[in-house]
Amino acid sequence: MSKKNTTAVKVLTQKKARKPKLAVWKFSSCDGCQLSLLDCEDELLAIAEHVDIANFPEASRMVTKGPYDISLVEGSITTPHDAERIHQVRRQSKVLITIGACATAGGIQALRNFKDVKQFIVAVYANPKFIETLNKSTPIADHVFVDFELRGCPISKHQLVEVINAYLNGRKPNTPSYAVCVECKRRGITCGLVAHGPICLGPVTQAGCDALCPSYHRGCFGCFGPKETPNTAALSTYWKTLGVKDDDLVRLFRGFNAYAEAFRKESEAHEK
Amino acid sequence: MKNFIFERAELDNLVETLKRRGFKVIGPTVRDSAIIYDELTDANDLPIGWTDEQTNGTYRLKRRDDAAVFAWTVGPQSWKKFLFPPIQKIFATHRSTKGLDFPNSKKQAPQESPPIKYAFFGVRSCELNAIAIQDKVFLGGPFIDPLYQRKRTGVFIVAINCNQAGGTCFCASMNTGPKATTGFDLALTEILSDKHHYFVVEAGTELGEDILKNVKCTKATEENLATIKNITEQTVTQMSRSLDTANLKNILYQSSEHPRWERTASLCLTCTNCTMVCPTCFCATVEDVTDLAGKQADRIRKWDSCFTLDFSYIHGGSVRTSTKARYRQWMTHKLASWVDQFGTFGCVGCGRCITWCPVGIDITEEARAIRENQP
């Protein structure tokens, strides 16, 4: 081995002096995605060995001050306060990774985006004047620069570990943007669309869940949002020939990723 | 030709014999609304009394009113999942003070467990052709694929001649079926009449003949062979689809800007299903997976598809961003450039891509549309 190579290896094998600091932030969300970090169980100790979990109120009251090397951001922006706070988070974060459908597409609460939010407030709250909320639930990337988006409702803990792992090792994370169908076929799951039909969003939904629902004989609900180049129109057109109604198409595309562009446009196309 | 007949009851004995000889017997079985391939405990696991109905984008498993064992065609899976598994570790490496160690390199190869000896039970003629094509891809060139070779070596093949055509089959026009002609150890034809349920078996290899010694056989008569011929002819007649291969390569090479591609692109979901179910598609990607400490890394090979964006990703972006480019690439490879590359078409007419396309795009229709509307 040449001298040069030996030095390179030394640099690679050198133990980092300081563990990267990780923070977890919550906006409008159900907490399910941050719980995926605690769900890591087997991997959690290993993660804690390599990163300093500095700010994660769901797990510990002990908070270390920023700035942070990695921030995991859960939830969407739904209030004026959120809209300000996300900028503070961004300022303290070297790398900002959004986790879950809320943070990357506005979440299920983005269903409000298709209606007048004031009417909801009047209908639900006894004293609407105390409610301060924005007209739309929007993804984090609409407000600040996002380094990486992790999809899912909730995210896959394997993908979460993979993203942290990739960050620690300075490589690209293996989180492909192709269809759920790839995962179904690799697992040898029989295609429900073809074998009993007709509803499954798999062909237009991004992989990442390892085809969880199809493995239990359920169609894909689209939790991971639109895949790369999603041809939602072709799928809808085909389903209509099988007797699926416009109302059902609207509901299908208005799930956890209702406000993700491809799904939003498709549901709007079938709205009367 | 060495042809024999044996009674239906002896089929159990054939499976048993293969197991006794140390084979892991893989065959068709009913699971999750389809006939798939998995390990057989015994012949009772076979899809006895089942059939399938297939058309563009639709597959339905149906009960038959008899006890036919192989009266169906092909399901969503193919034998490639055993020879070229969807996810496979290529190697592992770990970082030491000296650099990277490759424990699987020749010098330090650990005692590898002996490879699994597979017996494939019930391989259709189209699938034999598909296996032959993948053999060429993985073992034919100057660089052989050791992982494929390890699984492929010593596979015992029991072929089954089709006695009915499926709704999306077109093997007759691809010259790949419905009767198995080569590439098997044993080839069965199931014959079921009112009173007599039996199999005609042709031994393709000495090992095949040897295995038959454990099965109660009698010599096949001229009449038996005539029955097989009739069955094959009948199956060909049943086949409703066909793909005209005359001058196809040149037609496709000259049709890169044909308006049909744009039309198909408007329907295609780029979901990859056609390539995943295709028994000849061999594309794979590799992913490197590290442990958190960066001390251990595995290189994993996974089935990939020319319908994904990443597939054509090179520095600066993907080469085939449009669906049109991706569909054209797939079909032109199957029916034109494959011929230049491997000497055969990359399509064996099994019809899986037609059945398992969620929106029912039909490769035979696409090829016809392009052929018939030449400028």
Side-chain angles (χ1 to χ4, degrees), chain A residues 1 5-6 8-10 12-13 15 43 46-47 49-51 161-162 164-166 168-172 174 176-182 184-198 200 202-205 214-215 217 227-235 237-239 241-242, chain B residues 31-34 36-38 54 57-61 75-77 81 85-87 95-100 265-273 275-277 285 287-295 297 300 302-305 307-311 318 321-323 326 355-360:
Chain A
M1 191 180 281
N5 279 345
T6 323
V9 169
K10 254 186 205 160
L12 284 168
T13 46
K15 210 167 163 96
E43 299 91 348
I47 291 172
E49 209 177 293
H50 297 285
V51 294
V161 175
E162 170 62 14
I164 294 172
N165 187 330
L168 290 171
N169 287 295
R171 64 174 172 85
K172 187 173 166 269
N174 297 312
S177 55
Y178 47 58
V180 172
C181 303
V182 178
C184 257
K185 288 294 182 288
R186 284 184 189 151
R187 285 188 65 177
I189 298 167
T190 297
C191 180
L193 265 178
V194 172
H196 35 87
C200 171
V204 292
T205 301
S215 75
H217 313 122
K227 75 167 188 81
E228 60 186 22
T229 64
N231 196 348
T232 50
L235 195 59
T237 308
Y238 184 74
W239 282 346
T241 67
L242 301 179
Chain B
R31 189 165 310 148
D32 298 340
S33 332
I36 59 124
Y37 297 142
D38 206 347
Q54 305 189 34
T58 311
Y59 176 101
R60 290 291 180 275
L61 196 60
Q77 302 181 354
K81 79 166 188 175
I87 298 172
R95 186 175 273 158
S96 70
T97 45
K98 288 181 192 152
L100 292 175
S266 71
L267 306 174
C268 175
L269 305 172
T270 62
C271 64
T272 78
N273 276 317
T275 54
M276 296 281 143
V277 295
T285 182
E287 280 179 9
D288 288 339
V289 181
T290 51
D291 67 349
L292 286 162
K295 287 195 171 139
I300 315 284
K302 292 179 168 180
W303 284 358
D304 200 5
S305 167
F307 281 90
T308 72
L309 262 185
D310 268 357
F311 184 85
S318 288
T321 51
S322 72
T323 302
R326 284 181 251 170
T355 300
W356 298 96
C357 171
V359 291

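Everything numeric here is computed off the predicted structure, so don't read it as measured data. Letters A, B, ... are given to chains in the order of the sequence lines, protein chains preceding strands, and every chain is numbered from 1.
Proximity to chain B (any heavy atom under 4.5 Å) is shown, for A/L242, by neither the backbone nor the side chain. Looking at A/H196, both its backbone and its side chain come within 4.5 Å of chain B, counting heavy atoms on both sides. Proximity to chain A (any heavy atom under 4.5 Å) is shown, for B/A297, by neither the backbone nor the side chain.
Annotation: side chain of A/V194 is in contact with side chain of B/T355 (closest heavy-atom distance under 4.5 Å). Looking only at side-chain heavy atoms (C-beta outward), A/K185 and B/T275 stay at 4.5 Å or farther from each other. Looking at heavy atoms from C-beta onward, B/T270 lies out of side-chain contact with A/N231 at the 4.5 angstrom threshold. Counting heavy atoms from C-beta on, the side chains of A/T190 and B/R31 never come closer than 4.5 Å.
Remark: the backbone N or O of B/K302 is not paired with any side-chain donor or acceptor of A/R186 at under 3.5 angstrom. A donor-acceptor pair is defined here as one N or O able to donate and one able to accept, closer than 3.5 Å; no such pair exists between the side chain of B/D32 and the backbone of A/S215. Remark: the backbone N or O of A/A195 is paired with a side-chain donor or acceptor of B/R60 at under 3.5 angstrom. Side chain of A/E228 to backbone of B/T308: no donor-acceptor contact under 3.5 angstrom is found.
Of the residues considered (A/V182, A/L193, A/T237), A/V182 shows the highest number of contacts with chain B, using heavy-atom pairs under 4.5 Å. Between chain A and the options B/T58, B/T272, B/V359, B/V289, the largest number of non-hydrogen pairs under 4.5 Å is found for B/V359. Per-residue heavy-atom pair counts under 4.5 Å with chain A were compared for B/S305, B/A293, B/S33, B/P76, and the maximum is reached by B/A293.
Among residues two or more places apart in sequence or in another chain, the side-chain hydrogen bond (donor to acceptor under 3.5 Å, both in side chains) test is passed with A/R187 by none. Remark: A/E43 pairs with no residue by the salt bridge (charged side-chain N to carboxylate O under 4.0 Å, His left out) rule, at least two apart or across chains.
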> What's the verdict on side-chain hydrogen bond (donor to acceptor under 3.5 Å, both in side chains) for B/T290 and A/N165, showing C-alpha distance, side-chain angles and the deciding distance?
Replying inline: CA-CA 7 Å; B/T290 51; A/N165 187 330; 2.7 Å; yes
